[in-house]
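Some notes on the structure that comes next.
Keep in mind that the numbers below use all heavy atoms, side chains included, and drop hydrogens, waters and symmetry copies.
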Amino acid sequence: MPLHALDITLTRPLTPAETRQTSRTMPFAANHDATRLLTLVHAKTADKALTRLRNQIDGRLPVDVITTHYPDADGQVLLNIAFPPATRTAFKDAAREAGQPSRVFLQQLIHRALTRHSRQEADRLDQEVQHLLARTTAAHLLAALGRALTHTPGTTPC
């Protein structure tokens, strides 16, 4: 059975007791502030791995969302979100009104939100660049951007 790498995003850092308890039930790696965990789960599919992990840790950890660490063959990162009952009911009702399965409806909703966010961020950056170009030359702006992108934190910039 294949192993699937899964990311667990927590709503708060783990306490030392939660860290010890969790390490007894599953191997994991934590980030610097213990708000994200990475683990491996045996399952036939990534979707089944997400469900298996959710069932294993639900109620024991302050889980916000579980995702696949690597995109699937279609380039998609799978999400496992435990919505409160009222939210789940609202999604199901909206999906039914749209004549779509809940999963497809939510997928499209998230995709539209991410597309809108990307477009807004690109527009914001375009405006910032235009504002900067009004006060300097393109060459100076490009040089400053290059320095900013190549600067290593903790070192003195050139």
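Between the CG atom in L114 and the CZ atom in R119 there is a gap of 11.5 Å [rounded to 0.5 Å]. Here CG of N55 is found 13.0 Å from NZ of K48. Values are rounded to the nearest 0.5 Å. The distance from the CZ atom of R54 to the CD1 atom of I8 is 9.0 Å, given to the nearest 0.5 Å. In this structure, CD in Q130 is found 12.0 Å from CG in L125, a value given to the nearest 0.5 Å. We find the CG-CD distance between L79 and Q107 to be 9.0 Å, quoted to the nearest 0.5 Å. Separating the CD atom in Q56 from the CD1 atom in I66 is a distance of 9.5 Å, to the nearest 0.5 Å.
You'll find the side chain of V129 reaches within 4.5 Å of the side chain of L141, heavy atoms only. Using a 4.5 Å cut-off on side-chain heavy atoms (C-beta onward), T19 and P16 make no contact. You'll find the side chain of L14 reaches within 4.5 Å of the side chain of P62, heavy atoms only.
Among I57, L53, D7, L3, the one residue that satisfies the side chain to side chain contact (heavy atoms under 4.5 Å, CB included) test with T39 is L53.
The ring-ring contact (aromatic ring centres under 6.0 Å, His included) contacts involving residues 42-66 comprise nothing, where partners must be two or more places apart or lie in separate chains. A ring-ring contact (aromatic ring centres under 6.0 Å, His included) check over residues 78-103, counting only residues at least two apart or in different chains, returns the pairs F83-F91.
Listed by chain and number, the residues in a side-chain contact (heavy atoms from CB on, under 4.5 Å) with A46 are H4, T68, L78 (sequence neighbours excluded). Residues forming a side-chain contact (heavy atoms from CB on, under 4.5 Å) with A98 (at least two apart in sequence, or on another chain): Q100, F105. In this view, Y70 satisfies the ring-ring contact (aromatic ring centres under 6.0 Å, His included) rule with no residue, not counting sequence neighbours. Annotation: side-chain contact (heavy atoms from CB on, under 4.5 Å) contacts of T137 (sequence neighbours excluded): A139, H140.
Cluster membership check: L50 shares its hydrophobic cluster with L61, using side-chain heavy-atom separations under 4.5 Å among Ile, Leu, Val, Met, Phe, Trp and Tyr. Under a hydrophobic-cluster definition in which Ile, Leu, Val, Met, Phe, Trp and Tyr are linked whenever side-chain heavy atoms come within less than 4.5 Å, directly or via other members, L10 and M26 are assigned to the same cluster. Follow the hydrophobic side-chain contacts under 4.5 Å out from V63 and you never reach I81; the two are in separate clusters. Grouping the Ile, Leu, Val, Met, Phe, Trp and Tyr side chains by contacts below 4.5 angstrom, directly or via other members, places L145 apart from L133. By the rule that hydrophobic residues join a cluster once side-chain heavy atoms approach within less than 4.5 Å of another member, L40 and L37 end up as members of separate clusters.
R12 and E18 are joined by a salt bridge, as a carboxylate oxygen and a charged side-chain nitrogen come within less than 4.0 angstrom of each other.
Under the 3.5 Å distance criterion, the side-chain polar atoms of T25 are matched with a main-chain donor or acceptor of T22. For the pair D74 (side chain) and Q76 (backbone), a donor-acceptor distance under 3.5 Å is absent. Distance alone, capped at 3.5 Å, places no donor-acceptor pair between the T136 side chain and the L132 backbone. Although no hydrogens or angles enter the test, the distance criterion places a donor-acceptor pair under 3.5 Å between the side chain of N31 and the main chain of T35.
Within 6.0 Å of CZ in R36 there are 12 or fewer heavy atoms belonging to other residues, nucleotides or ligands. Around CZ of R103, the count of heavy atoms belonging to other residues, nucleotides or ligands within 6.0 Å does not exceed 12.
Side-chain atoms of H151 and R147 include no donor-acceptor pair closer than 3.5 Å.
Across P13 and D33, no two heavy atoms sit closer than the pair CB-O, 3.3 Å.
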